[in-house]
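Working notes, structure below.
Order of the sequence lines sets the chain letters (A, B, ...), proteins ahead of strands, with each chain counted from 1. Remember, it's a predicted structure, so these values are computed and weren't measured experimentally.
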Number of protein chains: 2
Amino acid sequence: MDAGFEAHLRADGVEFDATDAELLRTIDSEGSLNRAADALGRSYSRSLQRLTELEEAVGPLVARQRGGSGGGGSELTDEARDLLARFQRLRAEFTGTAEVEETVLFGRVVAREGELATVETDAGRLRALAPDSDGAEAVQVAVRADTVTLHDPGDAPAEVATSARNRFEGRVAAVGEAEAVARVTVDVGAEESLVAIVTTSSVEKLGLADGTPVVASFKATATRASPRER
Amino acid sequence: MDAGFEAHLRADGVEFDATDAELLRTIDSEGSLNRAADALGRSYSRSLQRLTELEEAVGPLVARQRGGSGGGGSELTDEARDLLARFQRLRAEFTGTAEVEETVLFGRVVAREGELATVETDAGRLRALAPDSDGAEAVQVAVRADTVTLHDPGDAPAEVATSARNRFEGRVAAVGEAEAVARVTVDVGAEESLVAIVTTSSVEKLGLADGTPVVASFKATATRASPRER
DNA sequence: GAGCGTTGTTCCCACATAGATACAACCCCG
DNA sequence: CGGGGTTGTATCTATGTGGGAACAACGCTC
């Protein structure tokens, strides 16, 4: 059971999605909307219709010429390339959040200041963004493994000297190394242990192994609380 | 033009999405599939059909009783509540990535080790995950503003003592404070300045103002490179 | 000027999704 | 023992999305 998504960029009511990006990219490589459509196994009429819908919303995307050498052809505008680049970044970020592991902590909101909440969990207090959980007391806090930074306790920054508001002391419980990225679980004295994804070079530099004392920190603005079901 | 998404959890070919979550939640509050369906303005037949599809894939979600006091009724199983909780966390994370600002840096891959790439940008070298940009030299790197941690330069951790591989020295260019969260732009000597989202209490503690020297750091595993269009 | 392969336009059809309706089965309760 | 409101089941219909085909318009090239 794994997470998935469909990303889109919305402008003026229409949503530019992955199939639209595919269409634009294929027009770019084929040089014509006609060839792009049947390279993708789509109908020409639908492809043109979709393209004009998009252009009505976001402006010119494809410079189309009918007639001329070879009968004509189509070429992407600079705006189309920018759009594709932005969509690709969006996709990359989404796949990251879809695939990254997270540690889930359950707790209660004890204070709230704007969309920033202070949550009491069995691992201790932490601060997290709680945008839509308005008024909910019982919350679940998800800590993305790629947002957790590990520090050498001897050289960890003082609490006032960094903008990482959440800080837990603990010991390494396990290190699982892959090619360039390692999964480190840190026992922070709670039922659930904190998972951090770090580079293998960080594992070396910090000398991480089972039992190594570490300080784990993560930013409040990178942590999200949502209402707990039931 | 803003980013959007449709999240889902896939199991055994079927995708549990937002409308499914809405259905389950309404069954929970209404006590019956029948009332849930027309509270949502959906047809009963389709709702039941969808529910059985989901249950074939993920197991029992709703304990349904036909006949009995009040004619019967339906109740969520614990598995359904877990599923809802997980979906809500997923949604929260996705909305975070959809809404967060990011700094885009363009550069070239100069080294690669597994999915970890070293990228040369005009702001300097940085390390980022580059999963799908296989072999691409020209890349764009997106740095999420909520993953950037700011440090007091006098008390910034030594480079070897933290797992945050990317570190830039700079000066605060602007501070925009909202209710509990502030947007800090940091000039790191590049064309594009780095944007960080931090809490307003961090702004106070670090004494951030225009011109304040800071160290900005972010993890390689929280940064993603994708191929550059063209 | 004819040929050619485009873009643009129009109309029809296939298919999947979901609403509408009818009806059987069920079982507590008064 | 019947009423009531539910869960199941079957069938028909509306609707939206996209494919297919036909044809006009276009402009470079030979």
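In summary, contact between chain A and DNA chain D, defined as any nucleotide atom under 4.0 Å from a heavy atom of the protein, begins and ends at D/dG18 to D/dT29 in the 5' to 3' direction.
Taking only side-chain atoms of B/Arg42, from C-beta outward, the nucleotide of C/dT6, C/dG19, C/dT9 with the closest atom is C/dG19.
If you measure from atom CG of A/Leu61 to atom P of C/dT7, you get 15 Å, rounded to the nearest angstrom. The distance from atom CG of B/Leu48 to atom P of C/dG19 is 13 Å, rounded to the nearest whole Å. Between the CD atom of A/Glu55 and the P atom of C/dT7 there is a distance of 12 Å, given to the nearest Å. Between the CG atom of A/Leu51 and the C1' atom of C/dT9 there is a distance of 15 Å, given to the nearest Å. Per the geometry, CD belonging to A/Glu30 stands 11 Å off P belonging to C/dT7, to the nearest Å. Here the C1' atom of nucleotide C/dC26 and the CZ atom of B/Arg64 are 14 Å apart, to the nearest Å. Look at CD on A/Glu75: it is 15 Å from C1' on C/dT7, rounded to the nearest Å. Counting to the nearest Å, the P atom of C/dG19 and the CZ atom of B/Arg50 are 13 Å from each other.
Counting non-hydrogen atoms of other residues, nucleotides and ligands closer than 6.0 Å to CZ of A/Arg25 gives a total above 12. More than 12 heavy atoms of other residues, nucleotides or ligands shown are found within 6.0 angstrom of CD on A/Gln65.
Every ring-ring contact (aromatic ring centres under 6.0 Å, His included) that B/Phe94 has, sequence neighbours left out, goes to A/Phe5, A/Phe94, B/Phe5. Every residue was checked against the side-chain hydrogen bond (donor to acceptor under 3.5 Å, both in side chains) condition with B/Asn166, not counting sequence neighbours, and none meets it.
Taking 4.0 angstrom as the limit, A/Arg35 places a side-chain polar atom (N or O) nearer than this to OP1 or OP2 of C/dT6. For A/Thr52, no side-chain nitrogen or oxygen approaches OP1 or OP2 of C/dG8 to under 4.0 Å.
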Pair A/Ser32-A/Glu30, side-chain hydrogen bond (donor to acceptor under 3.5 Å, both in side chains): steps then yes or no: CA-CA 6 Å; A/Ser32 105; A/Glu30 294 288 331; over 6 Å; no
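If you check every strand for non-hydrogen atoms under 4.0 Å, B/Gly68 touches a base. Using a 4.0 Å heavy-atom distance criterion, B/Ser69 is classed as a sugar-phosphate-only contact. Within the nucleic acid shown, B/Gln65 comes within 4.0 Å of sugar-phosphate atoms alone, with no base atom in reach, counting heavy atoms only.
Of the listed residues (A/Leu84, A/Val14, A/Leu83, A/Leu54), just one forms a side chain to side chain contact (heavy atoms under 4.5 Å, CB included) with A/Asp20, and that residue is A/Leu54.
With values rounded to the nearest 0.5 angstrom, A/Leu61 atom CG is found 13.5 Å from A/Glu75 atom CD. To the nearest 0.5 Å, atom CG of residue B/Leu150 and atom OG of residue B/Ser217 are 8.0 Å apart.
For residues 26-45 of chain B, no residue pair satisfies the ring pair (Phe, Tyr, Trp, His ring centres under 6.0 Å) rule, not counting sequence neighbours.
Using modelled atom types, one finds a donor on one side chain and an acceptor on the other under 3.5 Å when comparing A/Ser202 with B/Arg165. Judged by distance alone, the side chains of B/Asp17 and B/Thr19 do bring a donor and an acceptor atom under 3.5 Å apart.
Along DNA chain D, the nucleotide nearest to A/Gln49 and the one nearest to A/Gly71 differ in position, and the one closer to the 5' end is contacted by A/Gln49.
Direction of the helix axis in the helix from C/dG1-D/dC30 to C/dG30-D/dC1 shifts by 10° between the two five-pair termini, rounded to 10°.
Counting only heavy atoms from C-beta outward, the side chains of A/Arg144 and B/Thr97 approach each other to under 4.5 Å.
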Polar pairs (N or O, both sides) under 3.5 Å between protein and nucleotides 10-12 of chain C?
none

